[in-house]
Protein chains: 2
Amino acid sequence: MNETSGTAAAQPTERIPAAERREQILAAASVVFGERGYSGATTDQVAKVAGISQPYVVRMFGTKENLFLEVLARALERLVAGFRQIIAEPREHGDDEMELLAARLGGAYVDLIEDRGILLSLMQAFISGHNPVVGAKARAGFLEIYRMLRDEAGFPPDAIRGFLADGMLFNTLLAIRLPDIFDEDPDAEELMRCTFRGKLDLVLGATAAEAAADA
Amino acid sequence: MNETSGTAAAQPTERIPAAERREQILAAASVVFGERGYSGATTDQVAKVAGISQPYVVRMFGTKENLFLEVLARALERLVAGFRQIIAEPREHGDDEMELLAARLGGAYVDLIEDRGILLSLMQAFISGHNPVVGAKARAGFLEIYRMLRDEAGFPPDAIRGFLADGMLFNTLLAIRLPDIFDEDPDAEELMRCTFRGKLDLVLGATAAEAAADA
DNA sequence: CTGTTTTGTAATCATTCAATTACAACATTC
DNA sequence: GAATGTTGTAATTGAATGATTACAAAACAG
């Protein structure tokens with residue numbers, strides 16, 4: 001027993017450097033925004049998940065909108081950085097060079113959106129086209145990825161379209177939680193299998209791990 | 001002058017049969033939910049767009065959630081009915097039979113999601129996987145489309161994946177309003193062109209028409 | 001014409017929630 | 001060991017909003 005006197009009462013919130021606390025809040029916010037959407041999420045829910053008080057969340061980021069923008073920016077950064085790293089990796093030349101690169105990028109993308117916070121923050125941004133600030137970030141982010149595939153990866157137009165389209169279908173099937181009904185409807189698994197193909201084990205592994213963590 | 005005594009005051013809201021009023025409210029709700037999202041939309045905004053009072057909206061549908069579910073159900077109905085009709089149409093057999101059918105279905109889909117209310121209601125549903133009611137409708141709807149493509153259209157797995165993936169990319173690019181920045185960033189148009197190809201004029205026509213209507 | 005149903009609103013309530021204020025405890029510096 | 005800065009919360013506030021209530025006017029039935 002090293003601080004509270006006896007009962008396991010909620011410990012009086014450790015003092016933690018602001019920079020670190022900031023990261024905790026962003027992690028919490030990613031989860032909460034992902035689950036409830038921008039408008040549906042409350043600063044209080046974020047605070048509870050982060051284990052601190054609601055006013056602290058607000059003071060750290062000024063407004064709820066700023067907090068969301070920061071979450072979104074982080075997600076985009078991780079996506080762009082991940083892609084750029086893979087593109088920069090040395091690769092042997094050959095007929096299937098592009099296919100192989102696309103497969104690697106696809107794998108990295110699935111890895112990323114296994115994090116539901118990231119997946120749903122991105123999708124939240126997509127449907128916020130009407131919001132001047134969020135919408136602009138979404139458009140800019142999408143175009144940055146496009147340019148990366150075109151200029152750095154050297155993909156031809158059809159490969160770009162195919163890659164982006166597959167990504168958006170991944171997004172959707174994971175967002176609607178299709179794996180949740182695998183045992184109610186075998187078509188659900190069939191659709192997932194036909195969509196993710198080799199990557200399916202990757203997805204299902206993560207889903208199973210999440211379920212285990214929840215329990 | 002046929003009803004108000006003199007000034008052009010807001011006319012005292014015509015009496016209209018409930019069934020018809022219901023349709024007006026649903027149309028208004030589709031727009032508002034599409035713009036602001038489920039949580040972001042208010043029953044008052046819907047009421048204003050529909051030209052009636054807020055309590056009437058609530059009384060007609062019981063709750064805001066019911067209203068959204070009805071909007072979503074309508075969107076899914078239109079989508080399913082549209083696809084089924086095209087699949088049922090007689091078509092000449094040949095090597096490119098499937099490609100032609102896919103192109104027709106794709107065109108119908110683009111037609112449908114030009115209605116931003118429908119597009120964004122669907123996307124709202126996609127990111128509501130956590131919500132038991134909305135999430136279930138989204139999963140069921142997606143699987144219905146899948147089965148239709150597999151059983152009624154006779155698409156092989158890869159064609160299904162490609163078709164659905166393209167659709168999800170259409171969704172995203174329209175949702176983020178990529179055409180809005182055509183003159184700021186030429187890559188925006190390039191990406192739209194590489195995604196929609198032949199269908200682009202269709203999309204842009206609608207976008208231009210909307211802009212004209214706004215002005 | 002009288003009574004009933006349908007279509008509608010004004011007023012208001014109860015909640016929720018982002019944001020503010022005021023304050024306390026801990027840490028650091030000089 | 002005071003003074004200053006940092007990390008945190010409790011309490012509150014003001015606005016927004018879904019829902020309810022109570023009422024009014026039009027339409028209609030007999």
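Predicted model only: the values in this text are computed from it and were never measured. Every chain is numbered from 1, with letters handed out A, B, ... down the list of sequences.
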Trainee: Locate the shortest heavy-atom distance separating B:F68 from B:S121; write the atom from each residue and the value.
Mentor: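 In terms of heavy atoms, the two residues are closest at CZ-O, 4.2 Å.
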Trainee: Taking the nucleotide of DNA chain C with the nearest heavy atom to each, does B:P17 or A:T63 sit closer to the 5' end?
Mentor: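 So the residue in question is B:P17.
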Trainee: Could you walk me through whether A:R139 and B:D185 satisfy the salt bridge (charged side-chain N to carboxylate O under 4.0 Å, His left out) test, starting with their C-alpha distance in whole Å, then the side-chain angles of each, then the deciding distance to 0.1 Å, before giving a yes or no?
Mentor: CA-CA 10 Å; A:R139 288 184 287 270; B:D185 188 338; over 6 Å; no
Trainee: Could you tell me whether the phosphate oxygens of C:dG8, OP1 or OP2, come under 4.0 Å of any side-chain nitrogen or oxygen in B:S53?
Mentor: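 No, no such contact exists.
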Trainee: Base, sugar-phosphate, or nothing: which does A:A19 touch, judged by heavy atoms less than 4.0 Å apart?
Mentor: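 No contact at all - A:A19 keeps every heavy atom at 4.0 Å or more from the nucleic acid.
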Trainee: Among D:dT17, D:dT21, D:dA10, find the nucleotide with the atom closest to the side chain of B:P55.
Mentor: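 From the listed options, D:dT21 comes nearest.
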Trainee: So which atom in A:T43 and which in A:V57 form the shortest heavy-atom distance, rounded to 0.1 Å?
Mentor: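 Residues A:T43 and A:V57, closest heavy atoms: O-CG2, 4.2 Å.
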Trainee: Whole-Å distance between C:dA18 C1' and A:F68 CZ?
Mentor: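 Roughly 17 Å, once rounded to whole Å.
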Trainee: Using a cut-off of less than 4.0 Å, is there contact between a side-chain N or O of B:Y56 and OP1 or OP2 of C:dT9?
Mentor: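 Result: no.
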Trainee: Could you tell me the separation between the CZ atom of A:R36 and the P atom of C:dA18, rounded to a whole number of Å?
Mentor: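 Result: 11 Å.
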Trainee: Once you round it to whole Å, what is the distance between P of C:dA10 and CG of B:D44?
Mentor: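 So the CG-P distance, B:D44 to C:dA10, works out to 11 Å.
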Trainee: In this structure, how many angstroms lie between the P atom of C:dA14 and the CD atom of B:Q54, rounded?
Mentor: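 These atoms are roughly 16 Å apart.
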Trainee: Do A:R15 side-chain and D:dT6 base share a donor-acceptor contact under 3.5 Å?
Mentor: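 A donor-acceptor contact between them is present.
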Trainee: Could you give the CD1-to-C1' distance, from B:I52 to C:dT9, as a whole number of Å?
Mentor: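 Between C1' of C:dT9 and CD1 of B:I52: 11 Å.
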Trainee: What's the CD-C1' distance between B:E65 and D:dG18, to the nearest Å?
Mentor: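 Taking CD of B:E65 and C1' of D:dG18, I get 13 Å after rounding.
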Trainee: With respect to the phosphate group of C:dA18, does any side-chain polar atom (N or O) of A:T43 fall under 4.0 Å of OP1 or OP2?
Mentor: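 The answer is yes; a side-chain N or O of A:T43 sits under 4.0 Å from OP1 or OP2.
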Trainee: Taking OP1 and OP2 of C:dG8, is either one under 4.0 Å from a side-chain nitrogen or oxygen of B:R59?
Mentor: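 No, no such contact exists.
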Trainee: Considering only side-chain heavy atoms of A:K64, which listed nucleotide, D:dG18, C:dA18, D:dT9, is closest?
Mentor: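 That would be C:dA18.
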Trainee: In whole angstrom, what separates B:K48's NZ from C:dT9's C1'?
Mentor: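 After rounding, the reported distance stands at 13 Å.
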Trainee: Against the six-membered ring of B:F33, is B:K64 placed for a cation-pi contact (under 6.0 Å from the centre, within 45° of the normal)?
Mentor: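 Here B:K64 fails the 6.0 Å and 45° test against B:F33.
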Trainee: Taking CE from B:M60 and C1' from C:dG8, how many angstroms apart are they, rounded to a whole number?
Mentor: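 Between C1' of C:dG8 and CE of B:M60: 10 Å.
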Trainee: A:A138 and A:A125: which non-hydrogen atoms are nearest, and at how many Å?
Mentor: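 Taking every non-hydrogen atom into account, CB-O, 3.7 Å.
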